[in-house]
> 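Just passing along the structure, written as structure tokens.
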2 protein chains.
Amino acid sequence: MPNSVPNIVIHRLPFYLRALEMMAENGQVVTSSQELGDRLGISSAQIRKDLSHFGEFGKQGTGYEVDYLRQQLRRILKIEALWGIAIVGAGDLGHALVNYAGFRERNFLVETVFDMDPKKVGTPIGSLKVEDQSQMLQRLKELDIKIAIIAVPARNAQTVAELLIEGGVRAILNYAPITLNVPDEVCIEYIDPVIALQSMTYYLERESMEQKRAVSE
Amino acid sequence: MPNSVPNIVIHRLPFYLRALEMMAENGQVVTSSQELGDRLGISSAQIRKDLSHFGEFGKQGTGYEVDYLRQQLRRILKIEALWGIAIVGAGDLGHALVNYAGFRERNFLVETVFDMDPKKVGTPIGSLKVEDQSQMLQRLKELDIKIAIIAVPARNAQTVAELLIEGGVRAILNYAPITLNVPDEVCIEYIDPVIALQSMTYYLERESMEQKRAVSE
DNA sequence: TAGATTGTTAATCGATTAACAATC
DNA sequence: TAGATTGTTAATCGATTAACAATC
């Protein structure tokens, strides 16, 4: 794949888009790499460089039209049309995810939610009903689902991932606190709040006299 | 700050730790940079290099003692003792976070949860009661809270962040879909599932005949 | 025209990796 | 001893930034 765009650039584009969406909401018509950079804590040069991988979207002297750049970024990220997603795991987290309005607002539609616990199967969450995980393979194919979110305990996550992939899923957002093994052609992203906290405590000082007692093991 | 460890290295350490915790659970006594790397999809050289910023933890010929390296990483990340955290926002997400057992298991204790909605104040979540956001400043100081999680709508997030910082918070995990402006000395990490999804769709193909219709604006 | 800002180049900076002596 | 694996060096690779001609 010659001249492929660096992954790190792709990961910044959604942040550019998010800032542009907000500007558009506020009725702002044009912006500049300088302004975007200030908002996002990124240099203006980096923003121009990143965008230059995909074409020329601005005008010298004036900057970028918010609406146009927003449309272009949506096209580049392939999020102009709706993507259906499946959620696996109907615990507290699964519930919160199914009910999260931000997916629909930003063109992702939660089409189905699965759980392996017979007591949960059939119970309603929002407008959906929890489906049986044993039917997952078949249902994923029926619905032509390409994106899934894993919200099951760590010990089940690898098995679930394999089942998802067998069912045709090509992008996985994994909330289980474990690194998964997936083929190269499958995209995977991780969300683990504890990992995020742990990389901040490094920078904190333990200053208080009375340290809180550690959990005994 | 001479010779400071790159931020990207700090961000990998929690993943090393998470893998080691799992090995320890399985009763594994020693590991190698090779094995850790294979598990995490990272080169063995990178793992050795990362660790070398902090000292020598292995033995030539045999590798690393799982338990020892785990202890050292906990010390480096300053997570040997318990950290108290506050959660702001008692919606679906706030609920899921307060009830998430993974915090306690990994040495973070949710000490309090706030909301600005009078109807939510006083209601129980797990063993906590939702507190009034107007009391937040005072309560943060009383409890000596250094770490907080923002789980409020985007439009309120900046104000909440400023209040948290005024209350002494030095590390913020922000779930609101907006980039926040905080002073240099405050750590901030972001979790936005939609951003994670959007950087995966770039790599997906729109192959199906019938594209799902986009949301109209 | 004067001022502003883009897109792009080249230089700089930083991170990753290959390789290997040291040594368990 | 032979095999394995560390910690570290130097080379490579890639990303960021400064600077500026082009031009709106």
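Only heavy atoms go into these numbers, but all of them, side chains included; no hydrogens, no water, no symmetry mates. Residue numbers begin at 1 in each chain, while the letters A, B, ... track the order of the sequences.
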> For B/Glu166, enumerate each residue passing the side-chain contact (heavy atoms from CB on, under 4.5 Å) test, keeping only those at least two apart in sequence or located in another chain.
B/Leu137, B/Leu163
> In whole angstrom, give the distance that lies between atom CZ of B/Phe54 and atom P of D/dT8.
13 Å
> Report yes or no: does B/Thr201 contribute a side-chain atom to a donor-acceptor pair with the main-chain N or O of A/Leu77 at less than 3.5 Å?
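Side chain of B/Thr201 to backbone of A/Leu77, a donor-acceptor pair under 3.5 Å: yes, one is there.
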> Please tabulate, for side-chain N and O atoms in residues 94-103 of chain A, each donor-acceptor pair with protein atoms closer than 3.5 Å (sequence neighbours left out).
from, atom 1, to, atom 2, distance (Å)
A/His95, ND1, A/Ala90, O, 3.3
A/His95, ND1, A/Gly91, O, 3.1
A/Asn99, ND2, A/His95, O, 3.3

> Dot-bracket notation for DNA chain D is requested: 5' to 3', Watson-Crick or G-U wobble pairs only, both distances under 3.5 Å, with ( ), [ ], | and . as defined.
..||||||||||||||||||||||
> What is the distance from CG of A/Asp38 to C1' of C/dT5, rounded to the nearest Å?
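My rounded result for the distance is 14 Å.
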> Inspect the contact between A/Arg170 and A/Glu185 and indicate whether a charged nitrogen and a carboxylate oxygen are less than 4.0 angstrom apart.
no
> For residues 35-45 of chain A, dump all side-chain donor-acceptor pairs below 3.5 Å to protein atoms at least two apart in sequence or in another chain.
from, atom 1, to, atom 2, distance (Å)
A/Glu35, OE1, A/Gln28, NE2, 2.7
A/Glu35, OE1, A/Thr31, OG1, 2.4
A/Glu35, OE2, A/Gln28, NE2, 3.2
A/Asp38, OD1, A/Gln34, NE2, 3.2
A/Ser43, OG, A/Gln46, N, 3.1
A/Ser44, OG, A/Arg48, NH1, 3.3

> Rounded to the Å, how far apart are B/Lys59 NZ and D/dT6 C1'?
11 Å
> Not counting sequence neighbours, which residues clear side-chain contact (heavy atoms from CB on, under 4.5 Å) with B/Asp184? List them please.
none
> Closest approach to the side chain of B/Ser52, judged atom by atom: which nucleotide of C/dT8, C/dC24, D/dT8 is it?
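It is D/dT8.
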> Would you please name every residue forming a side-chain contact (heavy atoms from CB on, under 4.5 Å) with B/Leu173, sequence neighbours left out?
A/Pro193, A/Ala196, A/Leu197, A/Met200, B/Ile149, B/Tyr175, B/Glu189, B/Ile191
> If you measure from the Lys or Arg side-chain nitrogens to the Asp or Glu carboxylate oxygens, is any gap between B/Asp192 and A/Arg106 under 4.0 Å?
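Yes, B/Asp192 and A/Arg106 are salt-bridged.
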> Parallel, tilted or perpendicular, judged at 30° and 60°: which one describes the rings of A/Tyr202 and B/Phe54?
perpendicular
> Looking at residues 25-33 of chain B, who's got a heavy atom less than 4.0 Å off DNA chain C?
none
> Compare side-chain N and O positions of B/Tyr64 against OP1 and OP2 of D/dA4 and report whether any pair is under 4.0 Å apart.
no
> Show your reasoning for whether side-chain hydrogen bond (donor to acceptor under 3.5 Å, both in side chains) applies to B/Gln72 and B/Arg75.
CA-CA 5 Å; B/Gln72 293 303 308; B/Arg75 177 183 55 77; 2.5 Å; yes
> Looking at residues at least two apart in the chain, or sitting in another chain, which of them share a side chain to side chain donor-acceptor pair (under 3.5 Å) with B/Asp50?
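Result, side chain to side chain donor-acceptor pair (under 3.5 Å) vs B/Asp50: B/Arg12, B/Tyr16.
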> Would you call B/Glu111 and B/Arg139 a salt bridge, using N to O less than 4.0 angstrom?
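Looking at B/Glu111 and B/Arg139, the cut-off is not met.
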> Using a cutoff of under 3.5 Å, can you pull out all pairs of nitrogen or oxygen atoms linking the protein to nucleotides 11-13 of chain D, with atom names and distances?
none

> Under 4.0 Å, heavy atom to any atom of DNA chain D: which of residues 182-191 of chain A qualify?
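DNA chain D contact set from residues 182-191 of chain A: none.
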> In residues 6-16 of chain B, which ones come under 4.0 Å of DNA chain C, going by heavy atoms?
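B/Pro6, B/Ile8, B/Arg12 - these, ordered by number, are the residues of the stretch whose heavy atoms sit under 4.0 Å from the strand.
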> Got A/Val194 and A/Pro177 here, is their nearest side-chain heavy-atom distance under 4.5 Å?
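Contact flag for A/Val194/A/Pro177 side chains = no.
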> Using a strict heavy-atom distance below 4.0 Å, which residues from residues 42-49 of chain B are in contact with DNA chain D?
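Only B/Arg48, B/Lys49 qualify.
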> Classify the ring geometry of A/Tyr190 against B/Phe15: parallel below 30°, tilted from 30° to 60°, perpendicular beyond 60°.
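A/Tyr190 and B/Phe15: perpendicular rings.
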> Could you measure the distance from the CG atom of A/Leu20 to the CG atom of A/Leu69? Nearest 0.5 Å is fine.
5.0 Å
> A/Leu51 CG to C/dT5 P: how many Å, rounded?
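Between P of C/dT5 and CG of A/Leu51: 16 Å.
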> Specify the separation, in whole Å, of atom CD of A/Glu65 and atom P of D/dC24.
14 Å
